[in-house]
Peer 1: 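I'd like to ask some things about the structure below.
Order of listing sets the numbers, starting from 1, for every ligand and every atom in it. Everything quoted here is computed from the prediction, not taken from an experiment.
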Amino acid sequence: MSAVPDGKKLVRSPSGLRMVPENGAFSSPFSLAEPQWVPDKEHHCRRCGRCFCDKCCSKKVALPRMCFVDPVRQCGECSLVSQKELDFYDKQLKVLTAGGTFLVTLGFSDKSETMMCRLSNNHRYLFLDGESHFEVELSRISTMQVLTETEGLTPGGGVFRATGMLLHYKPPGSQDFQQLRLEAADDKKSASSWLVAMHKTTLRFLYSTLTLCYTAVFGEGTEVTFASPSPPSLVLLAPHQSVSSDVEVRLVCLAQGFRPDGVTLSWSDNGNAVAGSEVQTSSSQRQSDFTFIQTSTLKLNPERWNSGRTYTCHLNHPALSAPLSQSTSAEKCS
Ligand SMILES: [Zn+2]
Ligand SMILES: [Zn+2]
């Protein structure tokens, strides 16, 4: 038995019967809140809460994301979206909650154990059951790599079968990443469909809640790296004072600690944008904690620097609420 609350209860809402988690904090990450509406003579779409005439709101479609037991009335627009989601619920999520058998290796141990891996009924945890039991919260997973083997090669490409999965996650209360390796045991075919479903579900889960960086390595597996967004900090490195006339001055702007990849670094000289060969921006580098660093260097001849002009580095990133900047200038020695 798991320590994670996974129980459900039946509740009656104005729209119909709903089977909801006993503990709201453990609802499915895919769940949607019911829209606010007051029952009256008109018809309401149960999904968007808007008012419609009978004709425009006549379709009854299952809506598992709001935990409805039976199909509920939805407008044309919403019923299309709900139909598409049903596919995801019927295929991927069913495969995942049914589970698959894998050879599980924790960390870099040389011992592995045959375990049943399944997604919890509330879709928040990966349960692993063998002689021991443990669980991984999906939101704690930072990287996922699907391991594949080639099944057949054609001139245009190949057919790859998922044979395993490498996960990195941060256990509660830990600052370090733990590695988990799943390898298909006996039933390779059902293990493969479980892995593919897991991959798709994780993508969907993270698209809705977190930012995703995606790198596909064709033929060697697919690496998916994701983590919650983190804004960069800015450090500007510059000489403190005037320099002698034979030294090239380099101002270095360092953006660090950001996630996902993708900062904008630019320079200005007394407020005017600087572009051209004097600016050199490196490509970003991923750090072991899955954040990135990137630098931009502004090269100046000593006369330009010594003239006391103000040089500013500007930094922007999606996780910043406002762009960052830092300025420097040669201090005049009195
Ligand atoms: Zn609607
Ligand atoms: Zn109408």
Peer 1: What are the two closest heavy atoms between Leu138 and Tyr125, and how far apart are they?
Peer 2: CD1-C, 4.2 Å

Peer 1: Just to verify, what does Tyr311 make a ring-ring contact (aromatic ring centres under 6.0 Å, His included) with, not counting sequence neighbours?
Peer 2: none

Peer 1: Would you indicate whether the side-chain heavy atoms of Phe102 and Trp194 approach each other to under 4.5 Å?
Peer 2: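 Trp194 vs Phe102: side chains touch.
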
Peer 1: Counting no waters, what protein N/O/S atoms lie under 2.8 Å from the Zn ion (ligand 1)?
Peer 2: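 Within the sphere that stays under 2.8 Å of the Zn ion (ligand 1), the protein atoms of type N, O or S are Cys45 SG, Cys48 SG, Cys75 SG, Cys78 SG.
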
Peer 1: How about CD on Glu113, more than 12 heavy atoms from neighbouring residues, nucleotides or ligands closer than 6.0 Å, or not?
Peer 2: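 Yes.
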
Peer 1: Around Glu131, counting heavy atoms of other residues, nucleotides and ligands shown, do more than 12 lie under 6.0 Å from its CD?
Peer 2: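 Not more than 12 within 6.0 Å, no.
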
Peer 1: Any donor-acceptor pair under 3.5 Å linking the side chain of Arg18 with the backbone of Gly16?
Peer 2: no

